[in-house]
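Hydrogens, waters and symmetry mates play no part in the numbers below; they use all other heavy atoms, side chains included.
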Amino acid sequence: MTPNARTLFNGLNITNGELTMQLEGRRVIVTGGSRGIGYRISELFLAEGAQVLAVSRSSTKLQGAKEQLPALTTLVADVSVPSEIDRVVSWAESEWGAVDILVNNAGVLDESEQGLTEGPDDSFLATMQVNLHGPYYCTKRILPLLLRSSDPRILNVGSSAGILGPELTGSYGVSKAALHALTFATANELKGKVSVNAMDPGWVRTDMSPNGPGDPKWSAAGALSIVTRSPSVTGKLFYGKRIRAWIPRSTS
């Protein structure tokens, strides 16, 4: 962990200035773990005692993350390619034998998109491939290792952009709405076996959203809160530490 890991998250999950070590010994895979929200989740989970494997398709960004977090394990893989997820599974089975927490965080946003009805098919398909198919591939392939855990968790990083309401637009919004549906359906299918939830991380400052007003450390603290709740809490969407509705309440 970084030298100042014990002060970096002060006020979020630390009591009397000390980390609570809520994840001691837990084995965690974070997709898109080399930057932004995924990096902050990796950082906090390491500080809380977990073993963390950060997955990204960018070897350069993974190297940068590793330099900042020496305890972090990294693996280059594209979540939109099933055979590359199979390599992640092979590594985890060989090195850990089981996985306790899967954080499906990897995502893309095409800011040049012209809209659903005018943009190129390739743009829509590329967004769906990473934001929806990626979590599906990872969940399905890593599930056998999760089922070896005594307390398995899946956390999908959704978005307020995916809330089914009047503000839902574009490929990104559709992909996140679909990810919310995938979360709910997977939670129903795995009820009593694996706790499956989603989080809306808020509009935070990341490489993908450089003008975001929020701090991704806040999102990481929310992620920690979700994966340490009772395993009976499943099929929910969280904003920070608070459960929010999948669809907006009617204003009529």
Side-chain angles (χ1 to χ4, degrees), residues 21-34 37-38 41-46 48-57 71-107 130-158 178-199 201 219-220 222-238:
M21 301 303 287
Q22 296 179 74
L23 300 179
E24 188 166 12
R26 304 278 277 166
R27 297 151 294 191
V28 182
I29 295 176
V30 181
T31 69
S34 65
I37 294 168
I41 291 174
S42 297
E43 182 178 39
L44 179 56
F45 282 23
L46 280 171
E48 287 288 344
Q51 301 175 65
V52 179
L53 172 66
V55 176
S56 170
R57 57 187 176 185
L72 183 67
T73 302
T74 63
L75 184 64
V76 177
D78 185 339
V79 299
S80 69
V81 180
S83 61
E84 298 203 14
I85 299 306
D86 291 338
R87 289 197 296 104
V88 175
V89 172
S90 294
W91 183 94
E93 183 167 29
S94 173
E95 297 296 324
W96 291 344
V99 173
D100 300 294
I101 301 171
L102 167 62
V103 180
N104 286 312
N105 167 75
V130 175
N131 295 359
L132 175 64
H133 297 180
Y136 167 77
Y137 293 145
C138 288
T139 296
K140 185 175 183 179
R141 285 159 173 75
I142 296 173
L143 180 60
L145 296 182
L146 285 163
L147 292 174
R148 296 178 186 178
S149 169
S150 61
D151 185 15
R153 310 293 183 114
I154 297 172
L155 176 60
N156 295 327
V157 178
L179 178 59
H180 293 172
L182 179 68
T183 302
F184 198 79
T186 305
N188 288 339
E189 187 170 319
L190 298 178
K191 191 171 184 179
K193 298 178 181 179
V194 182
S195 176
V196 185
N197 293 292
M199 64 177 284
S219 305
L224 177 62
S225 173
I226 296 166
V227 301
T228 54
R229 286 175 177 255
S230 166
S232 64
V233 178
T234 189
K236 305 297 183 183
L237 173 65
F238 288 84

> Which pair of heavy atoms, one from R141 and one from P82, lies closest together, and at what distance?
Replying inline: NH2-CB, 3.5 Å

> Does L75 reach the side chain of T73, with side-chain heavy atoms less than 4.5 Å apart?
Replying inline: no

>> I'd like to check V88 versus T31 (side-chain heavy atoms, cut-off strictly below 4.5 Å). Are they in contact?
In response: no

> Could you state the interatomic distance from CG (L179) to CZ (F184), rounded to the nearest 0.5 Å?
Replying inline: 14.0 Å

>> Is it the case that over 12 heavy atoms from other parts of the model lie below 6.0 angstrom from the CZ atom of R57?
In response: no

> Between P201 and G158, which heavy-atom pair has the shortest distance, and what is it?
Replying inline: CD-O, 3.2 Å

>> Between R153 (side chain only) and R229 (backbone N and O only), is there a donor and an acceptor less than 3.5 Å apart?
In response: yes

> About how many Å separate CZ of F238 and OG of S219, when rounded to the nearest 0.5 Å?
Replying inline: 14.5 Å

> Is it the case that more than 12 heavy atoms not belonging to E95 sit under 6.0 Å from its CD atom?
Replying inline: yes

>> Evaluate L155 against I101 for side-chain contact (heavy atoms from CB on, under 4.5 Å), listing each step before the verdict.
In response: CA-CA 8 Å; L155 176 60; I101 301 171; 5.5 Å; no

>> Once ring pair (Phe, Tyr, Trp, His ring centres under 6.0 Å) is applied, do any residues pair with H180, and if so which ones, sequence neighbours excluded?
In response: W246

>> Would you say that P152 contacts K193 through its side chain, given a criterion of any heavy-atom pair below 4.5 Å between the two side chains?
In response: no

> Looking only at atom types and distance, does a side-chain atom of E48 sit under 3.5 Å from a main-chain N or O of Q22, one as donor and one as acceptor?
Replying inline: yes

>> Please report the interatomic distance NZ(K191) to OG(S232), rounded to the nearest 0.5 Å.
In response: 9.5 Å

>> Would you compute the distance between atom CG of L237 and atom CD1 of I226 and round it to the nearest 0.5 angstrom?
In response: 8.5 Å

> Is the shortest heavy-atom distance from the side chain of S149 to the side chain of R26 under 4.5 Å?
Replying inline: yes

> Could you give all pairs that pass the ring-ring contact (aromatic ring centres under 6.0 Å, His included) test and reach residues 82-107, with sequence neighbours left out?
Replying inline: W91-W96

> Hey, are the side chains of V79 and I85 touching, using non-hydrogen atoms and a 4.5 Å cut-off?
Replying inline: yes

>> Minimum heavy-atom separation for N156 and P135, please, with both atom names.
In response: OD1-CB, 4.3 Å

>> Donor-acceptor pair, distance only, cut-off 3.5 Å: does the side chain of D151 make one with the backbone of P231?
In response: no

> Backbone N or O of L224 within a donor-acceptor pair of the T228 side chain at under 3.5 Å?
Replying inline: yes

> Could you give the distance from CG (N131) to OG (S80), rounded to the nearest 0.5 Å?
Replying inline: 10.0 Å

> Below 4.5 Å, heavy atoms only, C-beta onward: do T139 and L102 meet side chain to side chain?
Replying inline: yes

> Between atom CG of D100 and atom CG of L146, what is the distance when rounded to the nearest 0.5 Å?
Replying inline: 8.0 Å

>> Tell me the closest heavy-atom pair linking K236 and V233, and the distance in Å.
In response: CG-CG1, 4.0 Å

>> With heavy-atom distances below 4.5 Å as the criterion, would you say the side chains of I154 and N104 are in contact?
In response: yes

>> Using every non-hydrogen atom in the two residues, find where G33 and S42 come nearest and quote the distance to one decimal.
In response: O-OG, 3.6 Å

> Nearest heavy-atom pair of G25 and Q51: which atoms, and what distance?
Replying inline: O-NE2, 4.2 Å

> L23 versus L44: any side-chain heavy-atom pair under 4.5 Å?
Replying inline: no

>> Would the distance check show the side chain of T234 and the main-chain N or O of V196 forming a donor-acceptor pair, the cut-off being under 3.5 Å?
In response: yes

